[in-house]
Structure formats: structure tokens, C-alpha cells
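Here's the structure we're looking at; comments come further down.
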Amino acid sequence: LSQRVEAELGRALLTEWDGPSRLDVLAAPRELAVEAGMLAEVARIDLLRADAVWIADGPAAATPVAEASVALASTLRLGALEGVAQTLLAGILATQSDVAATTSLLAAAVAQPDRPPEVAAVASATRGLAPLVAGDLARADTLMQP
């Protein structure tokens, strides 16, 4: 069953890259992962879904999906995935001008002991999203410096 989950997810990702975002393609691999008890895959798929929802439907729709990915990764103690999910959620919240939550999530993501190296780089860029959305380019530039 795990090979089927991976195959369905691979097909879904190829479909995503081959045209406009279609959120429905991630439903099948997610459902299979849930049935198989592959919760780490569910958290990973939810991260991908959150990103796709953010692009297709905006930050308000993506927030609960990203929060679910963060929560599941945390429960499973998947620090690397949790750090990436926290960074994505921080970006989503930054575009909604929630500076306090963004700051807290970025600090938690950067503090993950096994975070991937890109988390720190993305965190640096994400810090400037709220002022960028608000039109404060000078502040955004200052915050986006490493």
C-alpha cells in the first residue's frame, strides 16, 4: 500500500507541474495514506495541499490546511517537516498581516534541531512579507536581510 501511496502522490505532483493547480489530485494519495496509517505522508501531503490552496484560493482558505500539517508533524515529532510547515504557515499568516503569529512560527521553525537548511533562508524572506503586502518596501527590505 505504501508503494501505491507514493505512486499516486508522484502522479498528483506531475499533474500539478503539468498545468494549472488542481487541488483534487492530492485527495487520492492523501486518502490512501490515511487508510494505510501513513501519518507522516498525510502531514507531507497536507503541506503540499496548503501550498496549493494558498495559490488557488488565498491565505484564509490555506490557513487551516497548513495548521493541520504543522499539528500532525508536531504530534509525530517530525521536526524537519514541522519546520517547513511552520515556515509555510508563517508565510500564509504574514500575507494576512498577522505579524505576531508569523514571528512566533518563524522562531519555532528556525529552532527545529533537524530543520532543512532552506528553512532559515525562507524565514528571512518571510519576515518581510507583511510589510511588503502593506506597501512598506523599506521595512520589508530591512526584514528580509539575512
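Contact detail for Pro116 and Ala80: the closest heavy-atom pair is CD-O, 3.7 Å. Nearest heavy atoms, Ala33 versus Val42: CB-CG2, 3.7 Å. Considering every non-hydrogen atom in both Val25 and Pro29, the closest pair reads O-CD, 3.2 Å. In plain terms, the two heavy atoms of Thr87 and Ala123 that are nearest each other are CG2-N, 4.2 Å. Ala130 approaches Ser97 most closely through the heavy-atom pair CB-CA, 4.3 Å. For the residue pair Ala28 and Glu8, the shortest heavy atom distance occurs at CB-OE1, 4.1 Å.
Within the 4.5 Å cutoff, the side chain of Leu9 has heavy atoms near those of the Leu26 side chain. A 4.5 Å side-chain heavy-atom check between Leu143 and Pro131 finds at least one atom pair inside the cut-off.
Cluster membership check: Leu39 shares its hydrophobic cluster with Val84, using side-chain heavy-atom separations under 4.5 Å among Ile, Leu, Val, Met, Phe, Trp and Tyr. Linking Ile, Leu, Val, Met, Phe, Trp and Tyr whenever their side-chain heavy atoms come within less than 4.5 Å leaves Val133 and Val122 in two separate clusters. Clustering ILVMFWY residues whenever any of their side-chain heavy atoms sit less than 4.5 angstrom apart, transitively, puts Leu129 in a cluster other than the one holding Val99. Clustering ILVMFWY residues whenever any of their side-chain heavy atoms sit less than 4.5 angstrom apart, transitively, puts Leu81 in the very cluster that holds Leu72. Hydrophobic clustering (side-chain heavy atoms under 4.5 Å, transitive across Ile, Leu, Val, Met, Phe, Trp, Tyr) groups Val34 together with Leu76.
The structure places CG of Asp98 at 9.0 Å from OG1 of Thr103, a figure rounded to the nearest 0.5 Å. Here CD of Glu82 is found 9.5 Å from CG of Asp114. Values are rounded to the nearest 0.5 Å. Between atom OG of residue Ser69 and atom CG of residue Asp46 there is a gap of 5.5 Å, rounded to the nearest 0.5 Å.
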The test is side chain to side chain contact (heavy atoms under 4.5 Å, CB included); show your working for Arg127 and Met144 and say whether it passes.
CA-CA 6 Å; Arg127 283 184 189 91; Met144 288 184 176; 5.9 Å; no
Take Trp54 and Leu88, measure what side chain to side chain contact (heavy atoms under 4.5 Å, CB included) needs, and give me the verdict at the end.
CA-CA 10 Å; Trp54 188 14; Leu88 178 68; 3.6 Å; yes
For Gln96 and Thr102, run side chain to side chain donor-acceptor pair (under 3.5 Å): C-alpha distance rounded to whole Å, both residues' side-chain angles, the deciding distance at 0.1 Å, then the answer.
CA-CA 10 Å; Gln96 297 177 82; Thr102 299; over 6 Å; no
Kindly determine whether Gln86 and Leu106 satisfy side chain to side chain contact (heavy atoms under 4.5 Å, CB included), including the steps that lead there.
CA-CA 7 Å; Gln86 287 168 322; Leu106 292 177; over 6 Å; no
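Taking Glu35 as the reference, nothing meets the side-chain hydrogen bond (donor to acceptor under 3.5 Å, both in side chains) condition, with sequence neighbours excluded. Looking at residues two or more places apart in sequence or on another chain, you find a side-chain hydrogen bond (donor to acceptor under 3.5 Å, both in side chains) between Arg44 and Glu6, Glu41.
For Thr142 (side chain) and Ala138 (main-chain N/O), a donor-acceptor pair under 3.5 Å exists by modelled atom type. Listed for the Arg115 side chain is no donor-acceptor partner under 3.5 Å among the backbone atoms of Gly83. Checking side-chain atoms of Thr95 against main-chain N and O of Ile92 turns up a donor-acceptor pair under 3.5 Å.
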